Amino acid sequence: MIIRQMRESDSQGVALIEKENFSQPWSANAFCESIKNNSTVFLVAEEVGEILGYIGMYISLDEGEITNVSVSLKHRRKHVATKLIEELKRIALERKVSRIILEVRVTNASAIKTYEKQGFKILGTRKNFYEKPVEDAYIMDVQI
């Protein structure tokens with residue numbers, strides 16, 4: 001498995017994973033537009049030409065906000081998300097980011113566990129943050 005920068009040619013594969021995992025998925029075009037922005041970092045995990053998962057982060061000054069983390073259903077439990085987060089943190093340090101934040105559904109126990117293993121801590125809750133279904137989100141962050 002390799003972790004690399006997302007390219008426009010990855011957008012269709014990434015959008016399929018997004019649709020597989022989220023009730024309000026980003027489109028392929030949304031990914032293409034996001035990766036053109038200098039204040040973003042979008043990475044994919046790839047193996048033998050197949051996109052296994054991806055992660056995205058917006059950077060503002062010295063803070064990063066993870067927007068998306070998703071792994072194809074058939075590639076879960078292979079530490080894909082962990083490797084994506086580790087590489088994102090490495091790049092964040094290079095870009096002088098000192099803190100990364102994210103929101104996660106309060107019922108997404110596996111994601112929360114993965115984030116906690118990467119040093120993220122729960123800061124609070126955003127009520128009714130998610131739609132379809134309506135659900136609270138934990139706000140999590142990590143100092144890097």
Side-chain angles (χ1 to χ4, degrees), residues 1-123 125-126 129-133 135-144:
M1 174 189 334
I2 62 164
I3 308 297
R4 62 168 174 77
Q5 293 287 327
M6 186 184 293
R7 301 185 287 250
E8 282 191 47
S9 59
D10 299 322
S11 64
Q12 292 298 328
V14 167
L16 287 173
I17 295 170
E18 178 87 354
K19 188 174 182 180
E20 178 178 85
N21 288 298
F22 297 110
S23 61
Q24 295 183 288
W26 285 28
S27 67
N29 188 55
F31 284 105
C32 286
E33 291 302 312
S34 291
I35 63 175
K36 292 176 186 174
N37 187 330
N38 287 335
S39 64
T40 65
V41 177
F42 278 79
L43 306 172
V44 295
E46 178 185 29
E47 192 170 68
V48 195
E50 181 182 6
I51 304 296
L52 313 179
Y54 60 91
I55 191 168
M57 178 176 69
Y58 288 114
I59 298 172
S60 179
L61 302 174
D62 68 338
E63 187 171 279
E65 181 177 359
I66 293 178
T67 59
N68 316 62
V69 182
S70 193
V71 175
S72 171
L73 294 176
K74 68 181 181 177
H75 294 291
R76 298 253 171 108
R77 302 202 177 276
K78 296 180 181 178
H79 306 289
V80 175
T82 297
K83 290 177 179 164
L84 286 163
I85 294 166
E86 288 171 350
E87 179 64 7
L88 186 77
K89 287 168 64 178
R90 187 192 67 74
I91 292 169
L93 276 173
E94 285 180 356
R95 305 253 323 244
K96 308 288 190 249
V97 170
S98 61
R99 175 182 183 225
I100 301 174
I101 64 170
L102 60 83
E103 288 93 8
V104 60
R105 286 183 182 270
V106 296
T107 58
N108 193 343
S110 63
I112 294 165
K113 184 177 177 181
T114 298
Y115 298 139
E116 288 177 335
K117 285 182 179 178
Q118 289 295 312
F120 284 82
K121 305 261 188 270
I122 295 172
L123 298 176
T125 304
R126 293 194 199 277
F129 182 77
Y130 291 102
E131 299 175 5
K132 297 182 181 180
E135 189 172 352
D136 296 347
Y138 285 135
I139 306 161
M140 300 183 77
D141 85 334
V142 64
Q143 303 292 321
I144 56 171

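Note that the coordinates shown come from a computational prediction; the quantities given were computed from them, not determined experimentally.
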Mind checking the [atom1]-[atom2] spacing from [X] to [Y]? Nearest 0.5 Å is all I need.
{"X": "I101", "Y": "E103", "atom1": "CD1", "atom2": "CD", "value": "6.0 Å"}
{"X": "L84", "Y": "L88", "atom1": "CG", "atom2": "CG", "value": "8.5 Å"}
{"X": "L102", "Y": "D141", "atom1": "CG", "atom2": "CG", "value": "8.5 Å"}
{"X": "L123", "Y": "M140", "atom1": "CG", "atom2": "CE", "value": "8.5 Å"}
{"X": "E63", "Y": "S98", "atom1": "CD", "atom2": "OG", "value": "7.5 Å"}
{"X": "K89", "Y": "I144", "atom1": "NZ", "atom2": "CD1", "value": "7.5 Å"}

### Query
Aromatic rings F42 and W26: how do their planes relate, parallel, tilted or perpendicular, breaks at 30° and 60°?
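It falls in the tilted class, 30° to 60°.
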Considering all heavy atoms of both residues, which atom of [X] and which atom of [Y] are nearest to each other, and what is their separation?
{"X": "V69", "Y": "A81", "answer": "CG1-CB, 4.2 Å"}
{"X": "V80", "Y": "A45", "answer": "CG1-CB, 3.6 Å"}
{"X": "A111", "Y": "V104", "answer": "CB-CG2, 3.9 Å"}
{"X": "R95", "Y": "S39", "answer": "NH2-CA, 3.9 Å"}
{"X": "Q5", "Y": "V44", "answer": "O-CG2, 4.4 Å"}

Answer yes or no: is there a donor N or O on one side and an acceptor on the other, between the side chain of [X] and the main chain of [Y], under 3.5 Å?
{"X": "N21", "Y": "I17", "result": "yes"}
{"X": "E135", "Y": "T107", "result": "yes"}
{"X": "T40", "Y": "S34", "result": "yes"}
{"X": "E46", "Y": "I3", "result": "no"}

Is the shortest distance from a Lys or Arg side-chain nitrogen in [X] or [Y] to a carboxylate oxygen in the other one below 4.0 Å?
{"X": "R90", "Y": "E94", "result": "yes"}
{"X": "E50", "Y": "K74", "result": "yes"}
{"X": "K96", "Y": "D62", "result": "no"}

State, with a plain yes or no, whether a side-chain heavy atom of [X] is found less than 4.5 Å away from one of [Y].
{"X": "Y58", "Y": "I66", "value": "no"}
{"X": "M57", "Y": "I100", "value": "yes"}
{"X": "I85", "Y": "T114", "value": "yes"}
{"X": "I139", "Y": "R126", "value": "yes"}
{"X": "M1", "Y": "K83", "value": "yes"}
{"X": "E116", "Y": "I122", "value": "yes"}

### Task
Report the C-alpha distance between V142 and Q118 in whole Å, list the side-chain angles of each, state the deciding distance to 0.1 Å, and finish with yes or no for side chain to side chain contact (heavy atoms under 4.5 Å, CB included).
CA-CA 8 Å; V142 64; Q118 289 295 312; over 6 Å; no
#### Entry: More than 12 heavy atoms of other groups within 6.0 Å of H79 NE2
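No, the 6.0 Å shell around NE2 holds no more than 12 heavy atoms from other groups.
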### Message
For the CD atom on E131, are there more than 12 heavy atoms of other groups (residues, nucleotides or ligands in this structure) within a distance under 6.0 Å?
### Response
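No, CD of E131 has 12 or fewer neighbouring heavy atoms, counting only those of other groups under 6.0 Å.
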### Message
Using side chain to side chain contact (heavy atoms under 4.5 Å, CB included), reason through I91 and L43 one step at a time and then give a plain yes or no.
### Response
CA-CA 10 Å; I91 292 169; L43 306 172; 3.7 Å; yes
### Message
Test side chain to side chain contact (heavy atoms under 4.5 Å, CB included) on L52 and K78; report intermediate values, then the result.
### Response
CA-CA 10 Å; L52 313 179; K78 296 180 181 178; 5.9 Å; no
### Task
Determine, stepwise, if the pair F129 / D136 fulfils side chain to side chain contact (heavy atoms under 4.5 Å, CB included).
CA-CA 5 Å; F129 182 77; D136 296 347; over 6 Å; no
### Message
Could you check, using the six-membered ring where one of them is a Trp, whether F31 and Y54 have ring centers closer than 6.0 angstrom?
### Response
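So the answer is yes for these two rings.
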### Message
Listing request: all side-chain hydrogen bond (donor to acceptor under 3.5 Å, both in side chains) pairs with a residue in residues 6-15, at least two apart in sequence or in separate chains.
### Response
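As it turns out, the side-chain hydrogen bond (donor to acceptor under 3.5 Å, both in side chains) pairs with a partner in residues 6-15, which skip direct neighbours, are R4-D10.
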### Task
Would you kindly say whether N29 and S27 are connected by a side-chain donor-acceptor distance under 3.5 Å?
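There is no such pair (donor and acceptor under 3.5 Å, judged by atom type) between the side chains of N29 and S27.
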### Task
Verify the distance criterion only: is there a donor paired with an acceptor across the side chains of E65 and S60 at less than 3.5 Å?
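Absent: no donor and acceptor within the cut-off.
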